[in-house]
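Below: the structure, in structure tokens.
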Amino acid sequence: MYAAHFRSLEKIISKLQTHSAFRIYTFYHGIKNIFRRNIYSINEVKTSLQLYKVGFTLSTWRLILINPDSEEKGREKEAEWRKERLISHYISLAETAMKEGDILKAENLLEKALKVSDEIRTVGVTSVYEMLATIAFKSGKISEATQLLEEAIAKLTSSNSKEDKNMLINFSLKLARLYENEGKNDLAEMGFRNCIACQKNKYLSGSHDEETTALWINSLFWYGKFLAQKKRYSEAKQCFESAYLLIPHVKSIGQEQAMVTLYNMGEMSFATGDNETALKHLLNAVIIGKSFKSSDLPIYYNKIGLIYLHKGILNEAKRWCTNGLEASKRHYNKSIKKESEDCLREIERLNNKKNKPRKKDE
């Protein structure tokens with residue numbers, strides 16, 4: 001009789017061949033041991049087999065075994081997911097508060113998000129730091145903004161995740177600009193140069209994605225602005241030129257940024273005494289600006305007029321400054337309008353001086 005039941009068990013086991021050898025081994029030898037020890041009656045064995053079959057069905061054909069470590073990991077993952085969701089909720093509410101102009105409410109919500117985060121590493125947490133730093137900067141709290149970015153960078157650095165590398169550069173670039181604002185020029189320059197070197201290395205190693213390239217362009221551009229402020233015009237010019245050459249490789253960068261970069265290239269050329277190159281860059285910028293009807297065109301017209309004035313070509317200077325005056329009126333730009341008027345007055349003064357008859361020597 002027992003032999004017949006063993007044969008029945010062999011048939012059941014043969015149907016379970018699709019499962020791992022370990023599970024079959026556990027099932028088969030566990031049942032054999034029951035018979036060897038004569039612990040259960042035949043009816044009890046049948047009942048056990050029925051329960052075992054139900055267990056397979058309910059657990060997708062897995063043995064019903066509770067692993068304490070697995071349960072603990074599951075609880076940890078669920079807790080982390082809940083934290084991430086709550087952080088995301090706080091960020092969403094903070095963004096709405098900022099749009100409504102309630103900065104204090106936004107700040108409180110973001111601080112709550114930081115408390116929830118503890119040691120969790122998510123994109124949301126670093127976004128919280130960035131938003132708080134932006135609020136602090138706009139409120140004139142430069143030191144606080146700097147500290148927040150430093151904390152965010154430390155968090156990203158400790159994560160050592162590939163996904164965070166560009167975000168780390170983004171934060172480092174903003175921090176460099178804050179250092180510049182605080183007058184910490186050595187730290188600022190070190191930050192700018194580090195950002196440029198990192199993005200250049202990534203690009204040359206084959207990372208030609210838009211985010212990596214755009215960050216390289218931005219690093220070059222803001223370092224160029226930093227150098228221009230320090231009157232290091234030749235170095236600044238090289239930065240702007242390098243940035244401009246990369247712009248066509250990034251679809252997300254619009255014509256406006258290309259136009260602005262050309263303007264800065266023109267300014268640096270003018271500052272180094274290369275008037276012809278300055279005019280070339282500015283005229284190219286005007287062509288781009290006209291293609292999307294830029295409201296900044298009056299600035300470019302005046303700059304071109306100023307260069308012609310410097311060259312002594314007064315007719316061209318007058319033409320461009322007049323264009324600047326008319327365009328500034330259309331765009332209601334009072335400061336640029338005044339700049340155009342000042343330029344035209346200087347041209348008129350020089351023309352009067354030029355046309356004034358000389359007195360005959362007595």
Side-chain angles (χ1 to χ4, degrees), residues 88 91-92 95 98-99 122-124 126-127 129-131 133-134 137 149 152-153 156 159 161-177 191-228 235-269 277-301 303 327 331:
S88 178
I91 290 172
S92 180
E95 286 175 342
M98 288 176 75
K99 287 176 183 177
T122 65
V123 174
T126 48
S127 297
Y129 279 107
E130 185 175 20
M131 291 171 74
T134 301
F137 179 77
L149 285 177
I153 289 168
L156 286 167
S159 74
S161 172
K162 289 182 179 180
E163 290 78 13
D164 292 334
K165 295 302 181 184
N166 278 334
M167 191 181 292
L168 180 61
I169 296 299
N170 183 30
F171 277 37
S172 298
L173 180 58
K174 289 179 179 181
L175 184 60
R177 293 178 64 190
F192 286 127
R193 291 173 72 91
N194 180 61
C195 290
I196 291 168
C198 286
Q199 295 310 97
K200 182 179 180 180
N201 288 337
K202 279 192 278 185
Y203 189 88
L204 295 178
S205 298
S207 298
H208 296 163
D209 59 283
E210 293 220 343
E211 186 182 24
T212 297
T213 312
L215 273 172
W216 188 13
I217 292 168
N218 287 338
S219 300
L220 286 164
F221 180 86
W222 288 112
Y223 185 40
K225 296 291 283 185
F226 171 84
L227 293 169
E235 293 174 80
K237 183 182 175 184
Q238 289 177 2
C239 285
F240 293 130
E241 287 173 349
S242 296
Y244 185 71
L245 289 173
L246 290 167
I247 287 175
H249 300 285
V250 182
K251 293 178 182 178
S252 60
I253 293 181
Q255 292 176 307
E256 188 173 359
Q257 188 162 346
M259 182 182 174
V260 170
T261 306
L262 278 168
Y263 179 84
N264 282 278
M265 289 163 63
E267 275 204 320
M268 294 305 100
S269 295
T277 302
L279 283 172
K280 182 186 75 174
H281 292 321
L282 291 167
L283 289 169
N284 284 334
V286 166
I287 292 170
I288 294 173
K290 284 182 175 180
S291 69
F292 65 95
K293 297 180 181 178
S294 172
S295 60
D296 290 330
L297 279 171
I299 301 171
Y300 292 71
Y301 294 155
K303 194 70 178 180
H331 293 289

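Just so it is clear, the model here is predicted, and its values are computed rather than measured.
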Between atom [atom1] of [X] and atom [atom2] of [Y], what is the distance when rounded to the nearest 0.5 Å?
| X | Y | atom1 | atom2 | value |
| --- | --- | --- | --- | --- |
| Asn201 | Thr212 | CG | OG1 | 12.0 Å |
| Met131 | Ile91 | CE | CD1 | 6.5 Å |
| Ile253 | Asn218 | CD1 | CG | 6.0 Å |

Can a donor-acceptor pair be found, under 3.5 Å and without considering hydrogens, that links the side chain of Ser291 to the backbone of Ile288?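 Yes, because the side chain of Ser291 sits within donor-acceptor range (under 3.5 Å) of the backbone of Ile288.
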
Using a cut-off of 6.0 Å, state whether more than 12 heavy atoms not belonging to Phe137 lie near its atom CZ.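 At most 12 heavy atoms, drawn from other residues, nucleotides or ligands, come within 6.0 Å of this atom.
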
Determine whether more than 12 heavy atoms belonging to other residues, nucleotides or ligands lie under 6.0 Å from atom CD of Gln255.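 Yes - once you tally the heavy atoms of other residues, nucleotides and ligands closer than 6.0 Å, there are more than 12.
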
Looking only at heavy atoms, which two atoms of [X] and [Y] are closest? And how far apart?
| X | Y | value |
| --- | --- | --- |
| Leu227 | Cys239 | CD1-SG, 3.9 Å |
| Leu245 | His249 | O-CD2, 3.6 Å |
| Thr126 | Phe171 | O-CZ, 3.2 Å |
| Ile247 | Ala258 | CD1-CA, 3.9 Å |

Could you check whether [Y] and [X], counting side-chain N and O atoms only, form a donor-acceptor pair closer than 3.5 Å?
| X | Y | result |
| --- | --- | --- |
| Ser172 | Asn194 | no |
| Asn170 | Glu211 | no |
| Ser219 | Gln199 | no |
| Lys237 | Asn264 | no |

Return the set of residues passing side chain to side chain contact (heavy atoms under 4.5 Å, CB included) with Ser88 (not counting sequence neighbours), or none when no residue passes.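 For Ser88, no residue satisfies side chain to side chain contact (heavy atoms under 4.5 Å, CB included) once neighbours in sequence are set aside.
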
Do the charged groups of Glu267 and Lys303 touch, with an N to O distance under 4.0 Å?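 Yes, charged N to carboxylate O under 4.0 Å.
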
Identify which one of Trp216, Phe192, Phe240 satisfies the ring pair (Phe, Tyr, Trp, His ring centres under 6.0 Å) criterion when paired with Phe221.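 With Phe221 as partner, Trp216, Phe192, Phe240 yield a single ring pair (Phe, Tyr, Trp, His ring centres under 6.0 Å), made by Phe240.
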
Between His281 and Tyr263, is the ring pair (Phe, Tyr, Trp, His ring centres under 6.0 Å) condition met? List the steps. CA-CA 7 Å; His281 292 321; Tyr263 179 84; over 10 Å; no

